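The next block holds one structure in the form of structure tokens; read it before the comments.
Since the structure is predicted, the reported quantities are computational estimates derived from the model, not experimental observations. Computed from heavy atoms alone, side chains included, the values below leave out hydrogens, waters and symmetry copies. Letters go in sequence order (proteins before strands), and every chain restarts at 1.
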There are 2 protein chains.
Amino acid sequence: MARARELCAARKQRLTPRRRQVLEILLSSHQPLGAYDILAAINRDGEEVAPTIVYRALEFLLQAGLIHRIESRNAFVSCSDPENCAAAQFLICQDCERVAELAGDAAGLLAGAQDLGFSVDRSVIEITGRCAQCQQHGR
Amino acid sequence: MARARELCAARKQRLTPRRRQVLEILLSSHQPLGAYDILAAINRDGEEVAPTIVYRALEFLLQAGLIHRIESRNAFVSCSDPENCAAAQFLICQDCERVAELAGDAAGLLAGAQDLGFSVDRSVIEITGRCAQCQQHGR
DNA sequence: ATTTGGCCGTTATAATATAGCGTCATGTCG
DNA sequence: CGACATGACGCTATATTATAACGGCCAAAT
Ligand SMILES: [Zn+2]
Ligand SMILES: [Zn+2]
Ligand SMILES: [Zn+2]
Ligand SMILES: [Zn+2]
């Protein structure tokens, strides 16, 4: 969170209270949250806010690189290292729902794309399965 | 399509008219289609069908490995080689919307996951950018 | 002939996401 | 300071994507 502030300050982007609130909610969750989960978390605090507000905050946080969208779940998760994050990969456990973010080089993949003359803009790499812990516990 | 029939026959799965129709629509599109695009294509032929029917056909085709879901677009595309398809990767052009399916080994990726004791079930690899053609044409 | 299981169709509703508009705060420049 | 420009916010409404629940039909198996 402190990091996030610094990053935004450095780039002259405004990390407003609303955006901070949404980021905070994501940071304190160890699972990806849907937009409406975040909405519910806000409204649990007595506010009565509409979806559009959450989506706007999410849009900002996404473009600022502070969070990621998990496409295969329509959910959002905070970035574990916003300062050095590019082409991240995600390991998503289908039992405990936790998500691990791997610093992705994905070199092989992107090279393959380039060989075909394809110019890469954004990569979505999401691997679903069971984490080590859940396998041990036989869940 | 002939392939699809054979595959289903071999596995004693029923490629019913409705499922064939949906597959046909996807096969003859060179872009991924949303469920409601497919619905519209069906209804354009004079029928008046509900979404649930399309989703059911899609579910079957997915589990049969005849089509893929493009998570980052909420859309569906026919598999280019159902007989030997595992861990496919997709190159999605943001200009022409075409999707290329690469026979994915993704070895590096999955190895990385395994190193962490993660047991892989399904991988989503979707790369967005511009295809060679669209770069040339300056689109 | 009867049962069984899968597929289909219908209605309704849930879950996810965006559009459009007016207001307010913040910062800029004369 | 005052006028203006910009962007963030909040509201209402609506679009888009997806599923639930129930009953009928039909083909294959017994
Ligand atoms: Zn990250
Ligand atoms: Zn787990
Ligand atoms: Zn395939
Ligand atoms: Zn293209």
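When the side-chain nitrogen and oxygen atoms of R14(B) are compared with OP1 and OP2 of dC26(D), none of them lie within a distance under 4.0 Å. When the side-chain nitrogen and oxygen atoms of N74(A) are compared with OP1 and OP2 of dA17(C), one or more of them lie within a distance under 4.0 Å. Using a 4.0 Å cut-off, some side-chain N or O of T16(B) falls inside it from OP1 or OP2 of dC8(C).
At a threshold of 4.5 Å between non-hydrogen side-chain atoms, the residues S123(B) and I127(A) count as touching.
To the nearest angstrom, C1' of dC9(D) lies 15 Å from CG of L15(A).
You cannot call Y55(A) stacked on the base of dT18(C); the centres under 5.5 Å and planes under 30° rule is not satisfied.
In this structure, G117(B) and Q135(A) approach most closely via the heavy-atom pair O-NE2, 2.7 Å.
Using modelled atom types, one side-chain atom of R11(A) and one backbone atom of A64(A) make a donor-acceptor pair closer than 3.5 Å.
Comment: R73(A) engages E97(A) in a salt bridge, judged by a side-chain N to carboxylate O separation of less than 4.0 angstrom.
Within the 4.0 angstrom heavy-atom criterion, no nucleotide atom of any strand lies near R20(A). R18(B) comes within 4.0 angstrom of sugar-phosphate atoms only, judged by non-hydrogen atoms across all strands, and of no base.
Closest approach to the R19(A) side chain among dA17(C), dA8(D), dT12(D) is made by dA8(D) (side chain taken as heavy atoms from C-beta onward).
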